[in-house]
Amino acid sequence: MQRIPAQNLSPSMDAPDRGALPLTGDERTVLTAYLDWQRATLDAKCDGLTAEQLSARAVEPSGLSLHGLVRHLADVERWWLRIQFAGEDLPLLHYSDEDPDHDFDGLDGDPERDLDVWRAEVRRARAVTDAAASLDATGTESRTGAPIQLRVVLVKLIAEYARHLGHADLLRERADGQTGF
């Protein structure tokens, strides 16, 4: 097996709230570890910024901001794990058919409060995941009425976070020059 020279490796992405990701383990352990790592990365991207920096739409002409991403991902957590998988009868936090982009556009609230709301949704989503008997457990996909397995929901969440963390990388670098965490 060929070893990669150390100078060609990226610095470790481990941080206090983001330990090393598992290289082995059962499916549930691996999926939840990767999702929690993504969640912790979003938290790290927002840490230490002012309300103005969090709400800045810094990559014109896009309306994206870290604040908007936090609001959007709070709804994503609620939608996939609480509403569709667990079947809870809840409204979305920032989305409506009349204003589908309110999560990104309606930044009139306090970003720290919205971070707390997102963190609470993450805690509730973890509780739903932990309570499921297995990854084979199903909820109901709302658009089709078809069953959707917890494993599929977890993969969808990992993909959603990964997509938006690329945006968060650029927004954080633009806000204060920080990269790589």
Side-chain angles (χ1 to χ4, degrees), residues 10 12-47 54 64-97 100-104 111 113-172 180-181:
S10 297
S12 173
M13 292 294 288
D14 295 349
D17 294 331
R18 288 185 319 175
L21 288 164
L23 299 177
T24 61
D26 63 78
E27 187 180 12
R28 185 183 203 123
T29 299
V30 171
L31 289 173
T32 56
Y34 272 76
L35 179 55
D36 280 339
W37 193 90
Q38 301 284 341
R39 290 165 169 157
T41 300
L42 179 65
D43 218 1
K45 293 290 179 186
C46 295
D47 188 49
L54 287 167
L64 287 178
S65 67
L66 287 166
H67 185 185
L69 288 174
V70 165
R71 290 164 53 103
H72 175 70
L73 290 166
D75 265 339
V76 166
E77 294 272 357
R78 180 176 275 213
W79 173 251
W80 282 108
L81 281 163
R82 296 182 67 198
I83 296 172
Q84 293 202 99
F85 178 74
E88 294 182 36
D89 185 18
L90 298 168
L92 287 170
L93 299 164
H94 306 289
Y95 173 92
S96 70
D97 289 339
D101 293 325
H102 185 72
D103 44 0
F104 294 108
R113 183 193 163 288
D114 286 329
L115 275 162
D116 288 342
V117 168
W118 168 72
R119 290 179 188 120
E121 286 300 321
V122 166
R123 284 190 301 276
R124 290 183 194 108
R126 278 190 191 116
V128 166
T129 301
D130 291 346
S134 77
L135 296 178
D136 294 329
T138 60
T140 303
E141 203 277 334
S142 67
R143 289 185 183 102
T144 64
I148 186 166
Q149 288 181 324
L150 178 57
R151 75 173 38 81
V152 173
V153 170
L154 294 175
V155 169
K156 285 181 172 288
L157 285 169
I158 291 166
E160 184 85 8
Y161 271 92
R163 178 174 38 257
H164 290 309
L165 289 175
H167 303 133
D169 285 339
L170 297 172
L171 292 163
R172 179 62 190 242
F181 49 88

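All values reported here derive from a predicted model rather than from experimental measurement.
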Side-chain donor or acceptor of [X] paired with backbone N/O of [Y] under 3.5 Å:
{"X": "Arg126", "Y": "Thr32", "answer": "no"}
{"X": "Arg172", "Y": "Asp47", "answer": "yes"}
{"X": "Glu121", "Y": "Asp75", "answer": "no"}
{"X": "Arg82", "Y": "Glu88", "answer": "no"}

At their closest point, which heavy atom of [X] faces which heavy atom of [Y], and how far apart are they?
{"X": "Arg143", "Y": "Glu141", "result": "N-OE1, 3.1 Å"}
{"X": "Gly25", "Y": "Val30", "result": "O-CG2, 3.8 Å"}
{"X": "Leu150", "Y": "Ser134", "result": "CD2-O, 4.0 Å"}
{"X": "Ala74", "Y": "Leu93", "result": "CB-CD1, 3.9 Å"}
{"X": "Leu69", "Y": "Leu64", "result": "CD2-CD2, 4.1 Å"}
{"X": "Val128", "Y": "Leu81", "result": "CG1-O, 3.5 Å"}

To the nearest 0.5 Å, tell me how far [X] [atom1] sits from [Y] [atom2].
{"X": "Arg119", "Y": "Arg39", "atom1": "CZ", "atom2": "CZ", "result": "13.5 Å"}
{"X": "Leu154", "Y": "Leu35", "atom1": "CG", "atom2": "CG", "result": "6.5 Å"}
{"X": "Asp36", "Y": "Thr129", "atom1": "CG", "atom2": "OG1", "result": "8.5 Å"}
{"X": "Lys45", "Y": "Leu42", "atom1": "NZ", "atom2": "CG", "result": "9.5 Å"}
{"X": "Gln38", "Y": "Leu21", "atom1": "CD", "atom2": "CG", "result": "8.0 Å"}
{"X": "Gln84", "Y": "Lys156", "atom1": "CD", "atom2": "NZ", "result": "8.5 Å"}

Are any non-hydrogen side-chain atoms of [X] and [Y] less than 4.5 angstrom apart?
{"X": "Phe85", "Y": "Ile148", "answer": "no"}
{"X": "Thr29", "Y": "Thr24", "answer": "no"}
{"X": "Cys46", "Y": "Leu54", "answer": "yes"}
{"X": "Asp43", "Y": "Trp118", "answer": "yes"}
{"X": "Arg78", "Y": "Ile83", "answer": "yes"}
{"X": "Leu157", "Y": "Val153", "answer": "yes"}

**Prompt:** Which one of His94, His67, Glu77, Glu160 satisfies the side-chain hydrogen bond (donor to acceptor under 3.5 Å, both in side chains) criterion with His72?
**Reply:**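 Going through His94, His67, Glu77, Glu160 one by one, the side-chain hydrogen bond (donor to acceptor under 3.5 Å, both in side chains) with His72 is satisfied by Glu160 alone.
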**Request:** For Arg163, look at atom CZ and say whether over 12 heavy atoms of other residues, nucleotides or ligands are found less than 6.0 Å away.
**Result:**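 Correct, the count exceeds 12.
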